[in-house]
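This structure is a prediction, so every number in the text was calculated from the model and none was measured. We count residues from 1, following the sequence as given.
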Amino acid sequence: MGVGLAALGAGVAEGGIGAAAVGAIAEDEEFFGIGLLFTVIPETLVILALVVIFIV
């Protein structure tokens, strides 16, 4: 259940972040790296939740 909630929260966050990142990249291509980084950060929460589930 904890992993599912983490994935749901990450998905909701990634939706807004992804839209903002695409908009920023459309304005200026220099924001590609930072936009990609901010898009990947919520996924690390899900990976961390999976690691915790397997450890416990």
- Message: According to side chain to side chain contact (heavy atoms under 4.5 Å, CB included), who are the partners of Ala49, at least two apart in sequence or on a separate chain?
- Response: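 Expected list: Val3, Ala6.
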- Item | Same apolar cluster (I L V M F W Y, side chains within < 4.5 Å links), Ile53/Leu5 | no
Donor-acceptor pairs under 3.5 angstrom involving side-chain atoms of residues 39-48: please list them, not counting sequence neighbours.
{"from": "Thr39", "atom 1": "OG1", "to": "Gly35", "atom 2": "O", "distance (Å)": "2.6"}
{"from": "Thr44", "atom 1": "OG1", "to": "Ile41", "atom 2": "O", "distance (Å)": "2.4"}

